[in-house]
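For reference, the structure is listed below as structure tokens.
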Amino acid sequence: MHEISEGNILELRNLISYRNKITQQQMAAIMNEMNEIISSNGAVKTGNPISTTFSVENNLSQPMMDIEILIPLNKTIPVPSGYSFKPIFRLNNAVKVRHTGNPATLQQSADELMKYISEKKLMPITSGYNVNLNEESKDDIENFSMDIYVGVCDNIL
């Protein structure tokens, strides 16, 4: 059982963003390209990557994910075609769970969060935003840590 909290705000500034339908195999190449864009513009990451998956199409030889990757930076930079720049990203009133340990069990944490949202009769209004808390330990799976945020409607109906 993970600790789940309500009323969280996730706010970041100066983000390079990539959104498209890609395969899991293309993800590493996109991340490398984003890092090159950041470096070539003399920018520095001010936080770890954030990702969200809007949908997955399984009708092809390999699943295609409609995904957005966001990386916060220390300054505004020009971005090439296919990328966008967001001066601010704010997710208000989010329910959050922290997953720590093997990434293979990350889906269990996400399922636990969605069960909590359902049991509390909350209305999700965003996809899950995955914030990698320790990108540098991606090879040390037992120290992997990620927060998952889902924005919920604060209306009382």
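Everything numeric in this text was worked out from a predicted model, so none of it was measured. Side chains included, hydrogens not; waters and symmetry mates left out as well; all remaining heavy atoms used.
Taking CG from Asn130 and OG1 from Thr52, the interatomic distance works out to 6.5 Å, rounded to the nearest 0.5 Å. Rounded to the nearest 0.5 angstrom, Ile30 CD1 and Ile69 CD1 are separated by 6.5 Å. Between the NZ atom of Lys96 and the CG atom of Leu113 there is a distance of 11.0 Å, given to the nearest 0.5 Å. For the atom pair Tyr149 OH and Ile50 CD1, the distance stands at 8.5 Å (nearest 0.5 Å). How far OG of Ser118 is from CG of Asp111: 12.0 Å, rounded to the nearest 0.5 Å. Atom CZ of Arg98 sits about 13.0 Å away from atom CD1 of Ile4, to the nearest 0.5 Å.
Under the 3.5 Å distance criterion, with hydrogens and angles disregarded, no donor-acceptor pair is assigned to the side chains of Glu36 and Asn32. Tyr18 and Glu33 are not linked by any side-chain donor-acceptor pair at a separation below 3.5 angstrom, with hydrogens and angles left out of the test.
You'll find the side chain of Asn14 stays beyond 4.5 Å of the side chain of Asn74, heavy atoms only. Looking at heavy atoms from C-beta onward, Thr23 lies in side-chain contact with Met64 at the 4.5 angstrom threshold. The closest side-chain heavy-atom distance from Leu70 to Tyr129 is below 4.5 Å. When side chains are defined from C-beta on, Leu91 counts as touching Thr126, because their heavy atoms get closer than 4.5 Å. Taking 4.5 Å as the limit, every side-chain heavy atom of Thr46 sits out of range of all side-chain heavy atoms of Arg13. Two residues are said to be in side-chain contact when any heavy atoms from C-beta on lie closer than 4.5 Å; Gln24 and Met65 meet this criterion. At a threshold of 4.5 Å between non-hydrogen side-chain atoms, the residues Met27 and Ile67 count as touching. Between Pro87 and Thr76, the closest side-chain pair of non-hydrogen atoms is not below 4.5 Å.
Here the side chain of Lys45 pairs no donor or acceptor atom with the backbone of Ile38 at under 3.5 angstrom. For the pair Asn48 (side chain) and Leu133 (backbone), a donor-acceptor distance under 3.5 Å is present. No donor-acceptor pair under 3.5 Å is formed between the side chain of Asp154 and the backbone N or O of Asn93. A distance-only check finds a donor-acceptor pair linking the side chain of Asn102 to the backbone of Ala104 [under 3.5 Å]. Looking only at distances, no side-chain donor or acceptor of Asn132 sits under 3.5 Å from a matching main-chain atom of Pro49.
Taking a 6.0 Å sphere around CD of Glu6, one finds it holds more than 12 heavy atoms contributed by other residues, nucleotides or ligands.
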Any chance you could lay out the side chain to side chain contact (heavy atoms under 4.5 Å, CB included) test for Leu73 and Phe85, step after step, and finish with the verdict? CA-CA 10 Å; Leu73 306 175; Phe85 190 84; 4.3 Å; yes
Working note: Ile148 + Leu106, criterion side chain to side chain contact (heavy atoms under 4.5 Å, CB included); need CA distance, chi angles, decisive distance, verdict. CA-CA 9 Å; Ile148 305 170; Leu106 182 62; 3.8 Å; yes
Val79/Ile77 under side chain to side chain contact (heavy atoms under 4.5 Å, CB included): CA gap, chis, key distance, verdict: CA-CA 6 Å; Val79 293; Ile77 63 170; 4.2 Å; yes
With side chain to side chain contact (heavy atoms under 4.5 Å, CB included) as the criterion, how do Met114 and Val150 come out once you've worked through the C-alpha distance, each side chain's angles and the decisive distance to 0.1 Å? CA-CA 9 Å; Met114 295 313 291; Val150 174; 4.3 Å; yes
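Summarising the geometry of Gly47 relative to Ile71, their closest heavy-atom pair is O-CG2, 4.4 Å, with the distance given to 0.1 Å. Across all non-hydrogen atoms, the minimal contact from Asn134 to Ser145 is OD1-N, 3.0 Å. The two residues Pro78 and Ile37 come nearest to each other via the heavy atoms O-CG2, 4.5 Å. Between Ile117 and Pro124, the shortest heavy-atom distance links the atoms CG2-CD, 3.8 Å. Looking at every heavy atom in both residues, Leu122 comes nearest to Tyr116 through CD1-CE2, 4.4 Å.
Hydrophobic clustering of Ile, Leu, Val, Met, Phe, Trp and Tyr side chains at less than 4.5 Å, counting indirect connections, unites Phe54 with Leu15.
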